[in-house]
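Side chains included, hydrogens not; waters and symmetry mates left out as well; all remaining heavy atoms used.
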Amino acid sequence: MKNIFDRLSARNSDSDRDKHPEMDASQVSPHSSSNPSADRSGASLGPQTARDVKSAVQELLKQGSIDEATRTEVFRHLMVHQTTIQAVLEPLDLTLRLDTHRGIAFLAVANATSEEAGADEAWSHPLVRRQRLTLEQTLLIAILRQAFVIHEQEVGVGLSPAKIAVDDLLPQFLTYVGDSGSDNKNESRLLSLLDQLKSYGVVSEVDKQHDVIIRPLIAHIANPESLSALLQMLQKQSTSSRPSPDRELESHVGEESETE
């Protein structure tokens, strides 16, 4: 059974034959199917291009986001074959978002606008699930987002990884969640949260120097809309009782990038 990639390739090949009936296979340039920008102009997809598109789409659906720093080849395929990949994702009501300056590509729900994301009525999609983060996780993401913005202001967008030391991050975090009275417990608490956020593609693993890299995806998932929603929630909580750290706060962080 032919899949969508095979059908795209066959459809484009048939279209070329209809336009040039006198052309046979021996007249086709051997380089035509290997042109990396062929799908942008609507030309026929060669076998190698179809394989590149297929593997890139499968990886995007599996991971939700692709970081150029760690998956250079896949990111290149997503960038070069963007038009074809958008056509493949369109029947699934999904879209590819590319940030070439920061080197990040991620999957998004095509019809989920920022207004819908902030509305009370929840959207649904069979392949994408909304993420529910604890208040501590959301606060930590807001702190990391601030550090990421400062880094970009100092060195420029996408010029170097945004890195922060755990020792520098800890006092900022404790300002909002409170000190347990034990340095070991405080650090373990923060490291546990960082490990949880790693699965969302927001941060890297803590390295041997006790540093963590803030991934560029945070610039998109911790956007002004989601941060404003967090601020409103905190203001609402402050007028009532003190919020529990374990209380779950519905957040839009990761809803554009995580797939089942």
Side-chain angles (χ1 to χ4, degrees), residues 63-65 67 97 99 102 104 106-109 112-125 128-152 162-166 168-180 185-206 212-260:
Q63 302 295 337
S65 65
D67 195 329
R97 301 277 177 85
D99 184 343
R102 296 186 175 95
I104 187 70
F106 59 94
L107 201 62
V109 178
T113 63
S114 58
E115 291 79 8
E116 290 172 338
D120 292 334
E121 296 183 1
W123 54 265
S124 62
H125 193 283
V128 181
R129 67 177 184 272
R130 297 171 67 92
Q131 300 298 313
R132 299 183 66 88
L133 304 179
T134 66
L135 182 58
E136 285 191 353
Q137 289 173 330
T138 311
L139 284 171
L140 182 55
I141 286 178
I143 295 171
L144 292 168
R145 176 69 168 94
Q146 183 183 30
F148 185 83
V149 170
I150 294 174
H151 172 80
E152 287 194 334
K163 185 179 292 188
I164 186 171
V166 173
D168 294 335
L169 186 59
L170 185 57
Q172 300 180 54
F173 177 66
L174 294 179
T175 300
Y176 298 97
V177 301
D179 194 333
S180 67
K185 287 184 178 180
N186 289 337
E187 183 173 320
S188 297
R189 184 182 187 183
L190 177 59
L191 292 175
S192 176
L193 287 171
L194 288 172
D195 186 64
Q196 295 167 18
L197 295 183
K198 184 181 66 174
S199 63
Y200 294 102
V202 176
V203 295
S204 69
E205 188 174 1
V206 178
V212 63
I213 295 176
I214 308 173
R215 299 293 190 192
L217 184 62
I218 199 170
H220 297 277
I221 60 177
N223 52 39
E225 289 80 8
S226 60
L227 294 176
S228 296
L230 170 63
L231 179 60
Q232 293 175 6
M233 174 62 72
L234 293 177
Q235 290 173 340
K236 185 183 299 184
Q237 292 282 0
S238 63
T239 59
S240 56
S241 59
R242 182 176 178 178
S244 169
D246 295 329
R247 178 174 180 174
E248 287 194 339
L249 171 65
E250 181 164 351
S251 169
H252 306 295
V253 176
E255 68 186 16
E256 291 187 333
S257 62
E258 286 291 315
T259 59
E260 289 182 330

* Asked: Which value, rounded to the nearest 0.5 Å, describes the distance between I143 atom CD1 and I214 atom CD1?
  -> 10.5 Å
* Asked: Ignoring hydrogens and geometry, is there a side-chain-to-backbone donor-acceptor pair from D179 to L174 under 3.5 Å?
  -> no
* Structure fact -> Taken in chain and number order and not counting sequence neighbours, the residues that satisfy salt bridge (Lys or Arg N to Asp or Glu O under 4.0 Å) with D195 are K198
* **side-chain hydrogen bond (donor to acceptor under 3.5 Å, both in side chains) partners for S192, two or more places apart** => Q196
* Structure fact -> Note: S180 and K185 closest approach over all heavy atoms is OG-CB, 3.6 Å
* Structure fact -> Here the pair of heavy atoms bringing R215 nearest to G201 is CB-O, 3.1 Å
* Asked: To the nearest 0.5 Å, what is the distance between CG (L197) and CD (E136)?
  -> 11.0 Å
* Structure fact -> Taken in chain and number order and not counting sequence neighbours, the residues that satisfy side-chain hydrogen bond (donor to acceptor under 3.5 Å, both in side chains) with E187 are H210
* Structure fact -> Between V212 and S204, the two heavy atoms sitting closest are CG2-O, 3.3 Å
* Structure fact -> Sequence neighbours excluded, the answer for side-chain contact (heavy atoms from CB on, under 4.5 Å) partners of S188 is none
* **Any residue meeting side-chain contact (heavy atoms from CB on, under 4.5 Å) with I150, in chain and number order, not counting sequence neighbours** => Q146, E154
* Who are the side-chain hydrogen bond (donor to acceptor under 3.5 Å, both in side chains) partners of D67, not counting sequence neighbours? -> none
* **Single hit among L140, I164, L190, L139 for side-chain contact (heavy atoms from CB on, under 4.5 Å) with Q172** => I164
* Asked: When F173 is tested against each of V166, L194, L193 for side-chain contact (heavy atoms from CB on, under 4.5 Å), which residue passes?
  -> L193
* Taking only residues two or more places apart in sequence or in another chain, which ones pass salt bridge (Lys or Arg N to Asp or Glu O under 4.0 Å) with D99? -> R102
* Asked: How long is the span from the CD1 atom in I213 to the CG atom in L144, to the nearest 0.5 Å?
  -> 12.5 Å
* Have a look at H220 and tell me which of F148, F106, Y200 forms a ring-ring contact (aromatic ring centres under 6.0 Å, His included) with it. => F106
